[in-house]
Amino acid sequence: MNKDIELRIVDLDCPDCAASLEKGISRLKGVKSCNLEFATGKINLSIDSQIIDREKILREISRLGHTAAEESGEGRRVEGTKRLGAVSRLKEILLLIALAAVLIEIGLSILDQPGYLQILFASIAILTGGLFIFRSAFYALKNLTADMNLLMSLAVIGAMIIGEWTEGAVTIVLFSIANYLEGRSVRKARNAFKSLVEQIPHEIEMETADGPKEVGLEDLKKGDTILLKPGMTCPTDCEIAEGTAYINQAAVTGESMPVSKTEGDTLLSGSINTDGFLKARVSKPFSDSTLTRIMHMVEEAASRKSRLASIVDRFAKVYTPVVVAIAILVFAIPVLFFNGAFETWFYRALVFLVISCPCALVISTPVAVICGLTRSARGGILIKGGVFLEKLANVRAVLFDKTGTLTEGRFGVVHVVSMNGYSSNDIITFAASVEQNSEHPIAGAILEHARNLKIDPRQTSGFKAFPGEGARAQIEGARYTIGSHRFFHDHDISDVDLHERVTDFEEKGYSLVLLAREDRLIGAIALADMAKPESVEAIAELHRSGISESVMLTGDNFRTAESIAEQLGIRHVESQLLPEEKSKLVENYRRKYGSVAMVGDGINDAPALALADVGIAMGTGGSDLAIEAADVAIIGDNPQMVPKSIKLSRRTLGIIKFNIVFSLLVKFIFMILAGLGLATLWMAVFADMGTSLLVIANSLRLLKK
Ligand code: ADP
Ligand code: MG
């Protein structure tokens, strides 16, 4: 029987350890496949449950020197964390003993004390400082892998063989200290995205038949009514049932301006009720809430390798064996052929062994990626993986859908034109009748306008919607058509009589829909859809950041589109487009600019988003569909998040590139120094681990405000 298990390794310090642990588990009988992600510490297993069980795997993991926690069930996770605490305390104590011993040993050698005393303290330092390293090295050897623990152990044993006790002791102690620090900082990065859910209250006041009652977060079910006092964080996605309040959604959307919300509005998990007393109906349990999903998605994204990360990984796989081979040659050639001194060249070879650890290089990308993804998630921007961080950073043109992306997407009727003997009430009556089955926001606006005028829509038959064009239906035997200029044009309904009367509205940026009875134009309705106040700044920021090509795509008529584009400062306009033409344009722009991002709502624009190099869906709040469709999902509906996400990606990519170059450079310098005999063992360790720590610290900068 096949079974899938998900576990989390809580003390994964280096990518190397991850690889050898993965190999160790894979070798177990009954394990079909095993995949361990260093970035998240998550391990996914497929096992034959008749041969092996979870307990056995957990035992093996701890035998291999690691601590695992179950994915599900808070209790077990706590247990894993506790065990981790105990192990790291043991490591700390051992490290302190090792450090003391090594200092005494150095003191003794400076004071020229007897050699046996020096050897005694060096041995204590090596044993205590190296305990965990030797243990991992042993398992690596058993699994026939050469990880850095093994290389380091060999180097220290080599140092002892040629009597370099101080060197050996300092090397191993430095390595352990650095390993310990590295583990801590990687954990910091790994846990950072969990901070997203930290502010969620665990005890919630729920309304029941017999008064308010405290319930646990996990017990909230769809349909429960909860009470939110001022200052409280909404635990899960809800709908307001009673009350009005200013809601701060910064934790989910990254926007710090509170928005007013009232009955019927949605509250996302993690948003804060700043000032009102609210009753809210739970619409999703916590495990399914926006915040939980964001967290899972960041984690999933972090485990998807970026292009750079895979290049680095591939390079590291060849790098280590090559340098180990050089180490052997550095020893063998001078000693065998040139009468070189055994000890000198043996020592230099040991230095090469230390240099062959690719740690800093391998760690350079994943930590930066996870920090970048976490940072953007905190700002309400979900980037679905390192690949998209890279692609976003390289975008050359950004295409925006107009309605709902740059504009509010909420239309209001501003003017009704009637002709050929019809009154404006007639126009609204027929328009509303046709639109009553339509989903378009324009339809909603016309129906609302009719309601305000107390006009009841008539009975219709044979309704047909033409997406991006208009709609059509029969009323009392006659065919009524409503839609864009282009739609009318394509159906040979002349709109020339109307021209002069509507150009003005269009130039003001109003959208216009025309109405015809059979093939005769009878009127038109002008609708306003306000540009979002943030759109202007978003476009300006985009241009400032060096992306000179901004494009607006719309099905609306060209005069309206031009007017809005002008208001927003957007460079190019593509108007009167049918949905499939939008997709085609994405391809054209890709050909022209190489790499383009398309911004839309993720539902109507899903095909265009899919065709762009980076598909950015906006206002994805509670919609799974929209989040799924996008490469980058923006939770709120502020278009300023678009330039923000691009800038963040560039920054992350910059840090990654620096990390890679820096760690390669240090290695390279040390290879030359080692070849010339200028580098000592402990210097090589110091450089290697120092680089790793610097690279991690550099990545962690992304998390700072
Ligand atoms: P956008 O590209 O701005 O999202 P759409 O592609 O949804 O716009 O629609 C393009 C145009 O088609 C609208 O501006 C409108 O003129 C017309 N249209 C589409 N659907 C309808 C409808 N149900 N009723 C009236 N007009 C419509
Ligand atoms: Mg649209």
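Start at 1 and go down the list; that is how both ligands and their atoms are numbered.
- Residue contacts with ligand 1: H440 is placed with a nitrogen or oxygen under 3.5 Å of a nitrogen or oxygen of the ligand (distance criterion only).
- The ligand atoms of ligand 1 that sit less than 4.0 angstrom from a heavy atom of G483 are 26 (N).
- Both tests hold for K464 against F466: distance to the six-membered ring centre under 6.0 Å, angle to the ring axis within 45°.
- Residue K402 has no N or O atom closer than 3.5 Å to an N or O atom of ligand 1.
- Atoms of ligand 1 lying under 4.0 Å from at least one heavy atom of S438, given by number and element, are 23 (N).
- By the criterion of a heavy-atom distance under 4.0 Å, both the backbone and the side chain of T554 are placed next to ligand 1.
- In this structure, K391 NZ and S649 OG are separated by 12.5 Å, a value rounded to the nearest 0.5 Å.
- Residue G468 places at least one N or O, backbone or side chain, under 3.5 Å from an N or O of ligand 1.
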Query raised in the report: Going through the checks in order, is the side chain to side chain donor-acceptor pair (under 3.5 Å) test met by Q474 and Y480?
Result: CA-CA 6 Å; Q474 306 270 345; Y480 288 82; over 6 Å; no
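- The closest approach between G470 and ligand 1 falls below 4.0 Å for a heavy atom of the residue.
- Under 4.0 Å from ligand 1, the heavy atoms of E469 that appear belong solely to its backbone.
- Note that OG of S595 and CG of D613 are 4.0 Å apart. Values are rounded to the nearest 0.5 Å.
- Contacts between D556 and ligand 1 below 4.0 angstrom, taking non-hydrogen atoms only, involve backbone and side chain alike.
- By the 4.0 Å N-to-carboxylate-O rule, R307 lies close enough to E390 to be salt-bridged with it.
- Contacts classified as salt bridge (charged side-chain N to carboxylate O under 4.0 Å, His left out) and involving residues 629-649 (residues at least two apart or in different chains) are given here: E541-K647.
- The pair R479-D519 meets the salt-bridge criterion, since a charged nitrogen lies less than 4.0 angstrom from a carboxylate oxygen.
- For E439, the heavy-atom gap to ligand 1 stays at 4.0 angstrom or more.
- We find that E469 and R486 are not joined by a salt bridge, their nearest charged nitrogen and carboxylate oxygen being 4.0 Å or further apart.
- Those atoms of ligand 1 with a heavy atom of G555 less than 4.0 angstrom away are 1 (P), 2 (O), 3 (O), 8 (O), 10 (C), 11 (C).
- Counting the atoms of ligand 1 from 1 in the order shown, those under 4.0 Å from a heavy atom of T403 are 1 (P), 3 (O), 4 (O).
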